[in-house]
Amino acid sequence: MDRCNENVIEFLENQERATVTFSQGRYKSRIRKLAKEYPEACEIVAENPDGSIYAHIPTSWIKISPPRQFTEEQRQRMGERLNGNSRK
């Protein structure tokens, strides 16, 4: 069996539903969880022989966001909070 490495999000402008195909484990797990929590919105159409998952989701769930950038001071404060050493 060939391993599929493709992740695809496909939708048309002004459509309410997108079609997604994921082969990456973390996205497949997320889709399965969302399908259980929101069966009316997230529909798993097929789990393919190559291991990928094919589903329909609302286009409003699609979000592209760059990773957050922190200054060194912000990182230091976050580290202090995690360690319970924050100043008050």
Side-chain angles (χ1 to χ4, degrees):
M1 169 171 33
D2 291 331
R3 169 110 167 84
C4 178
N5 293 317
E6 187 173 54
N7 297 300
V8 178
I9 301 172
E10 180 180 45
F11 61 98
L12 299 173
E13 186 176 5
N14 300 320
Q15 292 285 309
E16 292 184 15
R17 186 172 76 168
T19 300
V20 297
T21 304
F22 292 115
S23 61
Q24 210 168 342
R26 67 180 176 165
Y27 295 115
K28 293 189 310 186
S29 296
R30 183 78 173 130
I31 290 294
R32 286 186 186 105
K33 181 179 177 183
L34 289 169
K36 285 181 183 176
E37 290 180 33
Y38 306 97
E40 69 289 341
C42 182
E43 174 192 6
I44 295 174
V45 177
E47 296 199 34
N48 300 311
D50 64 9
S52 64
I53 193 167
Y54 177 78
H56 293 142
I57 64 170
T59 54
S60 61
W61 290 7
I62 298 170
K63 177 182 170 186
I64 299 172
S65 59
R68 293 179 63 186
Q69 300 291 314
F70 299 104
T71 65
E72 190 57 42
E73 182 181 334
Q74 289 171 321
R75 282 191 191 101
Q76 185 177 9
R77 280 188 274 152
M78 287 187 293
E80 290 171 354
R81 281 196 300 267
L82 285 172
N83 292 325
N85 300 328
S86 66
R87 292 177 247 141
K88 295 189 179 188

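FYI, the numbering just counts along the sequence from 1. The figures here come from the full heavy-atom set of this structure, side chains too, leaving out hydrogens, waters and symmetry mates. A quick note: this is a predicted structure, and the numbers were derived from the prediction, not measured.
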| Got more than 12 heavy atoms from elsewhere within 6.0 Å of CD, Glu37? | yes

| query | Above 12 or not: heavy atoms from other molecules or residues under 6.0 Å from CD of Glu40? | reply | yes

Rounded to the nearest 0.5 Å, how far does [atom2] of [Y] lie from [atom1] of [X]?
| X | Y | atom1 | atom2 | result |
| --- | --- | --- | --- | --- |
| Ser52 | Lys28 | OG | NZ | 7.5 Å |
| Ile31 | His56 | CD1 | NE2 | 11.0 Å |
| Cys42 | Arg32 | SG | CZ | 11.0 Å |
| Asn7 | Ile53 | CG | CD1 | 11.5 Å |
| Ile57 | Ile62 | CD1 | CD1 | 5.0 Å |

| Ion pair Glu72/Arg75, N-O distance below 4.0 Å | yes

| query | Please, which pairs that meet ring pair (Phe, Tyr, Trp, His ring centres under 6.0 Å) have at least one residue in residues 34-53, sequence neighbours excluded? | reply | Tyr38-Trp61

| task | Please name all residues satisfying salt bridge (Lys or Arg N to Asp or Glu O under 4.0 Å) with Arg26, sequence neighbours left out, ordered by chain then number. | result | none

| field | Partner of Val20 under side chain to side chain contact (heavy atoms under 4.5 Å, CB included), chosen from Val8, Ile44, Ile9, Val45 | value | Ile9

| So if you build clusters from Ile, Leu, Val, Met, Phe, Trp, Tyr with side-chain heavy-atom gaps below 4.5 Å, do Tyr54 and Phe22 land together? | no

| Where is the tightest heavy-atom contact between Ala41 and Pro58, given as atom of each residue plus distance? | O-CD, 3.3 Å

| message | A side-chain contact here means heavy atoms from C-beta on lying under 4.5 Å apart; do Glu10 and Gln15 qualify? | response | no

| request: Quick one: list whatever passes side-chain hydrogen bond (donor to acceptor under 3.5 Å, both in side chains) with Arg30, sequence neighbours left out. | output: none

